[in-house]
Amino acid sequence: MADLRAPRGMNDLLPEDAPLWRHVRDTAERVAALFDYRPLATPIVEDAAVFERSAGQESDIVAKEMYRFEDRGGGTLALRPEGTAAVCRAYLEHGMASRPQPVRLYYLGPMFRYDRPQAGRYRQLWQFGVECIGDPSPAADVEVIELQQTLYEQLGLAPLGLGRLGGLTLRINSIGTAETRHRYVELLREHFRPHLATLSADSQRRFEANPLRILDSKEDARHTAVLDAPSILDHLDAEDAAHFAQVRALLDALGIAYAVDPRIVRGLDYYARTVWEFEPPGAGGQSTVGAGGRYDGLMELLGGPHTPGTGFATGIERIVLNLRERGLERAPAAPDVVTVPLGEAGALAAARLARTLRSAGLVVRAGTPGRSLRAALRGADAVDARYAVIVGNEEAAAGTAVVKTLRAGGEQRTLPADEVAAAIRRGDW
RNA sequence: GUGGGUGUCGCCUAGCGGUCAAAGGCGCCAGGUUGUGGCCCUGGAGAACGAGGGUUCAAAUCCCUUCACCCACCCCA
């Protein structure tokens with residue numbers, strides 16, 4: 001085998017993967033358009049500061065997972081680890097605050113994280129994401145959730161009970177604003193401090209870094225201190241609580257099923273209030289298919305004015321993984337026609353005819369000249385073509401072609417070359 | 001980043017110290033009489049057994065290192 005391979009954690013998308021991928025991407029863009037979201041494509045690299053300022057230097061994403069490099073001009077660039085910060089940068093750079101608010105945007109493209117790969121976790125991953133910027137209301141959160149839910153629904157992953165393995169479930173939480181959250185975090189520290197010694201090493205580390213994470217620890221899931229921990233939902237301020245109540249009321253009104261899960265947290269400080277995740281049933285390791293949240297604090301970190309925003313990102317690979325687990329593959333592409341050139345004159349006439357057929361919109365795979373008729377038809381069958389169009393020296397001289405069906409009985413007709421396209425387009429035999 | 005598992009032709013797999021200068025199935029290419037597919041038959045190409053080092057008279061088979069993938073944790077999509 002060749003000694004060169006794709007970089008670790010990065011994968012080739014082969015032709016056989018294309019139908020499913022295209023379907024997912026097309027569906028995502030169609031659903032986004034349905035909600036009047038517009039595409040925004042940002043560069044795959046950004047000034048590293050875009051992510052360092054937004055996510056924070058100590059966040060895992062920046063500290064451990066970001067591809068960072070100097071460019072020749074001496075600047076520090078980063079392969080984008082996520083989409084939201086770049087979208088916000090573009091919002092500010094292009095003065096989108098002067099467009100009608102909120103500004104509704106979506107993006108689709110590869111992200112990069114230097115992380116240890118495992119199933120469903122890659123160093124290059126594709127994300128589709130949506131951002132609704134400039135609307136602080138619960139309605140914006142719910143619109144974005146509804147969009148995400150609609151996407152999964154149209155792909156066959158939701159609602160509950162669809163497909164062999166069941167659908168994705170929506171779990172939501174409110175983590176309050178930065179101020180209420182800081183108060184709650186202190187409360188949590190006081191709660192866990194007496195139990196520190198009995199918690200796992202990971203949780204002890206989180207105690208300093210981010211006590212919220214202790215709540216969804218796998219190791220300490222049944223630790224009494226975790227089970228008895230105060231819920232952030234009991235410590236929201238009046239406005240936070242009203243916002244969250246509105247979110248739930250709207251979801252109820254739309255008939256979108258969800259579970260409130262106070263253990264859903266976010267590592268980054270700019271998040272505020274509503275956060276959510278979509279998970280497949282029997283959630284295991286890298287299971288979250290898509291997650292979102294409100295990020296009212298983000299624009300200011302990027303040097304802009306206070307601007308509320310809410311959005312989600314969903315991993316294309318994880319969607320594809322779930323579709324495959326449920327047997328929701330897409331049919332591979334097959335050509336309409338394979339040409340079968342026989343002899344030198346036949347080869348010329350076959351090439352001309354192929355050109356005519358393509359201009360009529362037919363997908364034509366050119367047969368390899370020099371093969372026997374037998375081999376050529378075997379080849380046509382192997383690629384699952386609908387028709388073989390045989391052009392030998394006899395046909396070339398007569399200005400005809402032999403059109404043979406490959407799907408059913410193998411009926412064939414000799415037709416004038418200029419009638420082949422129409423006959424195949426009619427496709428009634 | 002931590003712990004564990006796996007690694008033989010494009011794919012799946014046999015072999016587990018000597019008879020392996022590696023076998024089979026799928027796929028690919030070519031034939032099965034002169035211009036006809038899908039089944040079948042025949043033949044062919046294709047791997048020095050992930051890579052490097054070691055043990056041994058002898059290694060795909062044992063040991064070490066390394067790389068990659070997988071699983072769990074961490075983190076996240």
Side-chain angles (χ1 to χ4, degrees), chain A residues 1-11 14 16 55 59-65 81-84 110-129 148 168 200-203 205-206 209-210 213-214 216-221 264-268 277-280 283-293 312-322 338 340-343 346 367-368 370-395 402-412 414:
Chain A
M1 192 201 290
D3 59 338
L4 292 176
R5 302 191 207 187
R8 180 167 200 205
M10 305 193 187
N11 298 109
L14 301 178
E16 48 271 37
S59 66
D60 274 18
I61 279 195
V62 169
K64 306 196 320 210
E65 298 174 6
E82 58 108 13
T84 302
M111 307 293 162
F112 301 84
R113 293 182 193 170
Y114 190 88
D115 202 352
R116 182 145 166 189
Q118 68 183 69
R121 184 165 82 184
Y122 311 102
R123 288 185 171 179
Q124 176 179 319
L125 56 123
W126 280 67
Q127 284 189 340
F128 168 74
Q148 191 176 5
L168 268 25
S200 66
D202 272 325
S203 291
R205 181 177 52 72
R206 291 171 177 136
N210 184 3
R213 286 252 170 252
I214 299 176
D216 66 348
S217 160
K218 300 266 196 324
E219 267 182 276
D220 292 323
I264 295 181
V265 297
R266 282 294 115 96
L268 307 181
E277 296 178 355
F278 279 86
E279 294 238 335
Q286 307 302 315
S287 57
T288 302
V289 173
F312 74 82
T314 187
I316 305 294
E317 286 86 352
R318 290 188 183 177
I319 289 177
V320 167
L321 220 55
N322 276 275
V338 170
V340 180
L342 299 172
T368 306
R371 288 190 175 174
S372 69
L373 214 210
R374 179 196 207 84
L377 287 177
R378 274 182 181 153
D381 193 64
V383 299
D384 205 27
R386 286 168 57 218
Y387 297 94
V389 172
I390 303 162
V391 186
N393 293 340
E394 296 167 27
E395 288 77 14
V402 175
V403 181
K404 178 182 176 70
T405 3
L406 295 174
R407 294 292 170 79
E411 184 193 345
Q412 64 182 53
T414 302

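The sequence lines fix the lettering, A, B, ..., with proteins before strands; numbering per chain opens at 1. The figures that follow rest on heavy atoms only: side chains count, while hydrogens, waters and symmetry mates do not. From a predicted model like this one, the values you see are computed outputs, not experimental measurements.
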Engineer: May I ask you to say what A/E16 touches in the nucleic acid, namely base, sugar-phosphate or nothing, with a heavy-atom cut-off under 4.0 Å?
Structural biologist: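 Here A/E16 touches no strand at all.
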Engineer: Sticking with atom P, work out how far B/rG46 lies from B/rU2, rounded to a whole angstrom.
Structural biologist: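 Pairwise P distance, B/rG46 against B/rU2, rounds to 42 Å.
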Engineer: Reckon A/R374 has a side-chain N or O less than 4.0 Å from the OP1 or OP2 of B/rG31?
Structural biologist: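 The answer is no; no side-chain N or O of A/R374 sits under 4.0 Å from OP1 or OP2.
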Engineer: Less than 4.0 angstrom between a side-chain N/O of A/R8 and OP1 or OP2 of B/rC67, yes or no?
Structural biologist: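 No, no such contact exists.
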Engineer: Taking the minimum atom-to-atom distance to the side chain of A/R116, which one of B/rC74, B/rG3, B/rA77 wins?
Structural biologist: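 My answer, after comparing the listed nucleotides, is B/rG3.
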Engineer: Looking only at atom C1', what distance separates B/rG50 and B/rU8, rounded to whole Å?
Structural biologist: 10 Å
Engineer: Any chance you could lay out the salt bridge (charged side-chain N to carboxylate O under 4.0 Å, His left out) test for A/R378 and A/D381, step after step, and finish with the verdict?
Structural biologist: CA-CA 5 Å; A/R378 274 182 181 153; A/D381 193 64; over 6 Å; no
Engineer: For a quick check of understanding: with a heavy-atom distance under 4.0 Å over all strands, which category does A/G83 fall into, base, sugar-phosphate or nothing?
Structural biologist: nothing
Engineer: Name the nucleic acid region contacted by A/G290, choosing base, sugar-phosphate or nothing; use a 4.0 angstrom heavy-atom cut-off, strictly under.
Structural biologist: sugar-phosphate
Engineer: Is there a side-chain polar atom (N or O) of A/R378 under 4.0 Å from OP1 or OP2 of B/rA30?
Structural biologist: no
Engineer: With both distances under 3.5 Å as the test, what is the Watson-Crick or G-U wobble partner of B/rU2?
Structural biologist: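 Because both required distances fall under 3.5 Å, B/rU2 counts as paired with B/rA72.
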Engineer: Taking B/rG10 as the reference, what is the distance to B/rA45 when you measure between their C1' atoms (whole Å, please)?
Structural biologist: 13 Å
Engineer: Would you state whether a donor and an acceptor, one from the side chain of A/R121 and one from the base of B/rC70, lie under 3.5 Å apart?
Structural biologist: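 Flag unset: no donor-acceptor pair detected.
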Engineer: May I ask you to test the A/I316-A/L125 pair for a side-chain heavy-atom distance under 4.5 Å?
Structural biologist: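 When only atoms from C-beta onward are counted, A/L125 and A/I316 do not touch, as no gap falls below 4.5 Å.
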Engineer: Decide yes or no for A/Y122 and A/N11: does some side-chain heavy atom of the first lie under 4.5 Å from some side-chain heavy atom of the second?
Structural biologist: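 The answer is yes, as the side chains (C-beta and beyond) meet within the 4.5 Å cut-off.
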Engineer: Between B/rA77 and A/S287, is there an OP1 or OP2 to side-chain N/O distance shorter than 4.0 Å?
Structural biologist: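 Checking B/rA77 against A/S287, no side-chain N or O comes under 4.0 Å of OP1 or OP2.
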Engineer: For B/rC20, which nucleotide is its Watson-Crick or G-U wobble mate, given both distances must be under 3.5 Å?
Structural biologist: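 Answer to the pairing question: none, since B/rC20 forms no Watson-Crick or G-U pair.
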Engineer: So what does A/A291 touch, heavy atoms closer than 4.0 Å: a base, only the sugar-phosphate, or nothing?
Structural biologist: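 A/A291: backbone/sugar contact only, no base atoms under 4.0 Å.
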Engineer: If B/rG43 has a Watson-Crick or G-U wobble mate with both distances under 3.5 Å, name it; if not, just say none.
Structural biologist: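 By the stated definition (distances under 3.5 Å), B/rC29 pairs with B/rG43.
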Engineer: For the side chain of A/R205, starting at C-beta, report the closest nucleotide among B/rC75, B/rC73, B/rC70.
Structural biologist: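 Ranking B/rC75, B/rC73, B/rC70 by closest atom to the A/R205 side chain puts B/rC75 first.
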Engineer: Have a look at A/Q412 and say if it touches a base, only the backbone sugar-phosphate, or nothing, with a 4.0 Å heavy-atom cut-off.
Structural biologist: base
Engineer: Could you check A/D216 against A/L377 and say which one's nearest nucleotide on RNA chain B is further toward the 5' end?
Structural biologist: A/L377
Engineer: Which nucleotide in the list B/rC75, B/rG31, B/rG35 gets nearest to the side chain of A/V402?
Structural biologist: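 The listed nucleotide nearest to A/V402's side chain is B/rG35.
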Engineer: Taking only side-chain N and O atoms of A/R206, does any of them lie within less than 4.0 angstrom of OP1 or OP2 on B/rC74?
Structural biologist: yes
Engineer: Decide, for B/rA22, between syn and anti: a glycosidic angle within 90° of 0 counts as syn, anything else as anti.
Structural biologist: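 It is anti.
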Engineer: Under 4.0 Å, heavy atoms only, any strand: does A/K64 hit a base, just the sugar-phosphate, or nothing?
Structural biologist: nothing
Engineer: Indicate, with a heavy-atom threshold strictly under 4.0 Å, whether A/E317 touches base, sugar-phosphate, or nothing.
Structural biologist: nothing
Engineer: With a 4.0 Å cut-off on heavy atoms, is A/I316 in touch with a base, just the backbone sugar-phosphate, or nothing at all?
Structural biologist: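 Result for A/I316 = nothing.
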Engineer: So, are A/R266 and A/E277 salt-bridged, with charged N and O less than 4.0 Å apart?
Structural biologist: yes
Engineer: Side chain of A/T288: nearest nucleotide among B/rA77, B/rC75, B/rG35?
Structural biologist: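 Among the listed nucleotides, the one closest to the side chain of A/T288 is B/rA77.
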Engineer: To check you understand the geometry: which heavy-atom pair defines the closest contact between A/P280 and A/N322, and what is its length?
Structural biologist: CB-OD1, 3.4 Å
Engineer: Measuring from the side chain of A/D202 (C-beta onward, heavy atoms only), which nucleotide among B/rC73, B/rC28, B/rG38 has the closest atom?
Structural biologist: B/rC73
Engineer: When both hydrogen-bonding distances must be under 3.5 Å and the geometry is Watson-Crick or G-U wobble, what is B/rG52 paired with, if anything?
Structural biologist: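 Paired with B/rG52, as far as the under-3.5 Å criterion goes, is B/rC64.
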Engineer: Report which part of the nucleic acid A/D60 touches: base, sugar-phosphate, or nothing (heavy-atom distance under 4.0 Å, all strands).
Structural biologist: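 Here A/D60 touches the backbone only, sparing every base.
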Engineer: For the pair made of CG in A/L342 and C1' in B/rG37, what is the distance, rounded to whole Å?
Structural biologist: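 So the CG-C1' distance, A/L342 to B/rG37, works out to 13 Å.
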Engineer: With the side chain of A/A119 defined as its heavy atoms from C-beta on, choose the nearest nucleotide among B/rC74, B/rC71, B/rC29.
Structural biologist: B/rC71
Engineer: Give the nucleotide from the list B/rG31, B/rC73, B/rA77 with an atom nearest to the side chain of A/A375.
Structural biologist: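 Output: B/rG31.
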Engineer: Among B/rA77, B/rA30, B/rG35, which nucleotide has an atom closest to any side-chain atom of A/R371?
Structural biologist: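 So the nucleotide nearest the side chain must be B/rA30.
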Engineer: Touch check for A/S200, heavy atoms < 4.0 angstrom, all strands: base, sugar-phosphate only, or nothing?
Structural biologist: nothing
Engineer: Measure the spacing between CD1 of A/I390 and CG of A/L377 and express it to the nearest 0.5 Å.
Structural biologist: 5.0 Å
Engineer: Report the nucleotide, chosen from B/rG38, B/rU36, B/rC73, that has the shortest atom-to-atom distance to any side-chain atom of A/D381.
Structural biologist: B/rG38
